[in-house]
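The block underneath contains the structure these notes are about, expressed in structure tokens.
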2 protein chains.
Amino acid sequence: MKNLEEKKTNTHCHAHGHAIGSQKACVSLVPIFNHLEAEQMEEIMVTAQSVSYKKGEIIYHAGGQSDSLYIVNKGKIRIYRLSESGKEQLVRILTPGDFTGELALFKEAVHESYAEAMEETKVCLINRSDLQQFLMRFPSISLKILTEFSNRLEQSEKQTARFATEKVETRIALFLAECLDSENDAKEFVLPMSKKDLASYLGTTPETISRKLADLEDQGLIKQKPRKRIEILDLDGLLFV
Amino acid sequence: MKNLEEKKTNTHCHAHGHAIGSQKACVSLVPIFNHLEAEQMEEIMVTAQSVSYKKGEIIYHAGGQSDSLYIVNKGKIRIYRLSESGKEQLVRILTPGDFTGELALFKEAVHESYAEAMEETKVCLINRSDLQQFLMRFPSISLKILTEFSNRLEQSEKQTARFATEKVETRIALFLAECLDSENDAKEFVLPMSKKDLASYLGTTPETISRKLADLEDQGLIKQKPRKRIEILDLDGLLFV
DNA sequence: CGACAGGTTGACCGTTATCAAAGATCGTGG
DNA sequence: CCACGATCTTTGATAACGGTCAACCTGTCG
């Protein structure tokens with residue numbers, strides 16, 4: 001199964017993807033690694049693989065063997081789950097620099113979620129045992145990953161608490177407010193996903209999203225514009241919904 | 001209020017708690033540390049503090065400065081959040097060997113949740129900078145914490161997906177089924193919390209918990225007994241609810 | 001230009017929150 | 001050890017919230 005291919009730049013690729021160019025670009029843009037010395041980085045790059053996926057391709061699926069960390073280099077990846085009763089929930093969308101697959105690296109050996117390329121996507125792969133060795137040798141990477149995990153856990157628990165205590169309209173309003181946060185001072189942003197996906201993410205239906213956004217617009221709190229653009233007219237009002 | 005008590009085994013305690021006995025007992029029962037050499041363990045114990053809390057005492061609260069890892073030695077701790085609209089959600093209950101406060105260790109310096117002693121409780125404290133040094137020096141601890149984080153994240157995302165996609169009755173049924181898992185083969189268990197807390201945990205109300213449990217009982221799937229005991233009569237049926 | 005996924009709107013109904021009040025249980029102090 | 005109060009739990013009546021189904025609209029892309 002190993003497919004070592006020694007070059008002077010030390011790039012080796014396999015799986016069902018295609019070889020891509022420099023892996024330095026891939027690895028170095030990742031917050032987890034970009035504090036390392038050039039020499040250490042080099043070492044990690046040697047072990048990383050690079051794979052491409054076409055739009056709609058499944059990168060991994062629940063129940064599947066999990067033994068690698070996936071680092072997004074280019075494109076977008078939809079991470080979703082199927083609940084016990086078979087309904088889908090969108091967990092998050094990965095963009096370049098994000099990573100996934102880490103759960104299974106430390107935990108069980110099977111994925112609990114699905115990863116699907118939303119467009120032409122390139123990822124870097126680092127396999128479990130390589131990664132664990134790096135973690136032992138460069139403890140600062142662990143600290144970075146721990147930080148990332150903390151953020152994710154924080155985010156996830158906040159989301160859970162919202163589901164547990166807020167009604168749909170409030171969850172939508174909070175989501176819009178957070179979209180605005182990520183923009184700098186602007187009062188307008190483009191929804192980072194389709195309304196269908198947003199419904200899945202917020203645990204509701206497209207119909208309800210549609211209706212509630214219309215309600216918020218009627219209340220004069222937001223304004224919907226073409227191409228998924230939304231302008232926030234009254235942020236405070238939105239937060240009191 | 002300080003109650004330092006120096007011993008040959010190097011125990012120091014303060015905060016608003018009281019000195020307790022051996023800290024070896026405290027630290028060694030924690031999965032994160034129990035793989036270490038005696039010598040390393042000793043070193044960690046030196047830096048740990050021990051604090052006791054009475055029933056109902058708040059151990060930390062949202063917005064409060066966060067700079068320590070809390071390891072439960074004895075008792076029970078309720079971790080809960082207040083949502084944007086002020087409603088409470090029970091996040092988890094800690095029992096001896098569990099730890100908390102880790103989010104803030106790597107992330108921001110303020111807590112986002114509340115920790116409340118549910119009974120007479122003892123915890124060990126390790127402060128942020130000490131812990132970070134240990135992590136750098138004993139990378140295996142990071143791996144243990146990463147594993148723990150993975151589990152928590154997994155758990156939290158699963159819970160979020162359930163909130164997003166399952167109705168209350170199903171969430172209750174799944175919760176009961178998981179309680180049974182933790183028992184060995186037995187068909188019966190005691191609810192690990194009050195129904196009020198369960199309602200908060202599952203994002204519903206005590207009234208609904210009461211009614212749905214009665215429904216499940218009417219359907220012949222479970223049997224409620226005194227002292228929070230529940231017998232599962234038909235596990236498969238429960239999972240198809 | 002046409003097809004198809006995504007989005008909107010309306011009517012309806014199931015689920016669950018809410019309010020109220022009575023009943024059970026638990027912990028505490030006398 | 002018992003009694004009391006506080007808190008938790010149950011039950012009922014009611015209504016709001018949001019899901020579902022169906023039909024129609026719209027913009028996006030081959």
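Quantities reported herein were computed from a predicted structural model and do not represent experimental measurements. By convention in this document, chain letters (A, B, ...) are assigned in the order of the sequence lines, proteins followed by strands, and residues within each chain are numbered from 1. Computation of the quantities below employed the complete heavy-atom set of this structure, encompassing side-chain atoms and omitting hydrogens, waters and symmetry-equivalent molecules.
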In whole angstroms, the gap separating C1' of C/dG10 from CG of A/Asp215 amounts to 14 Å
Please state how far atom CD1 in B/Ile209 lies from atom P in D/dT7, giving the value in whole angstrom units. 21 Å
Figure out the NZ/P separation between A/Lys55 and D/dT28, and round it to whole Å. 13 Å
D/dC17, OP1 or OP2 - any side-chain N/O from A/Lys167 closer than 4.0 Å? yes
B/Leu202 CG to C/dT16 C1': how many Å, rounded? 14 Å
Where the side chain of B/Thr121 meets the backbone of B/Glu119, is there a donor-acceptor pair that is under 3.5 Å apart? yes
Looking only at side chains, do A/Glu166 and B/Ser83 share a donor and an acceptor under 3.5 Å apart? yes
Applying a 4.0 Å non-hydrogen cut-off, can you work out what B/Thr205 is touching in the nucleic acid: base, sugar-phosphate, or nothing? base
Are the side chains of B/Lys195 and B/Leu213 in contact, using a 4.5 Å heavy-atom criterion? yes
Gap between atoms CE and C1', on B/Met193 and D/dT7 respectively (whole Å): 18 Å
With no hydrogens and no angle check, just 3.5 Å: does a side-chain donor-acceptor pair link B/Ser68 and B/Tyr60? no
Is any side-chain nitrogen or oxygen of B/Lys195 closer than 4.0 Å to OP1 or OP2 of D/dT10? yes
From D/dT10, C/dG6, D/dC8, nucleotide with atom closest to B/Lys196 side chain: D/dC8
If you assign each of B/Ser194 and A/Glu207 to its closest nucleotide in DNA chain D, which residue comes earlier from the 5' end? B/Ser194
Shortest side-chain distance from A/Lys228, nucleotide among C/dT9, C/dG7, C/dT18: C/dG7
Any N or O donor-acceptor pair under 3.5 Å from the base of C/dG10 to the side chain of A/Arg211? yes
Looking at C/dG27, C/dT16, D/dT11, which one has an atom nearest to any side-chain atom of B/Thr208? C/dT16
Taking CZ from B/Phe163 and C1' from D/dG18, how many angstroms apart are they, rounded to a whole number? 17 Å
In whole Å, I'd like the distance from the CZ atom of A/Arg229 to the C1' atom of D/dG27. 17 Å
How long is the line joining CD1 of B/Ile230 and P of D/dT9, in whole Å? 11 Å
Would the distance check show the side chain of A/Asn151 and the main-chain N or O of A/Glu148 forming a donor-acceptor pair, the cut-off being under 3.5 Å? no
Measuring from the side chain of B/Val168 (C-beta onward, heavy atoms only), which nucleotide among C/dT16, D/dT9, C/dG7 has the closest atom? C/dT16
Of the candidate nucleotides D/dT10, D/dG19, C/dT8, which contains the atom at the shortest distance from the side chain of A/Thr204? D/dG19
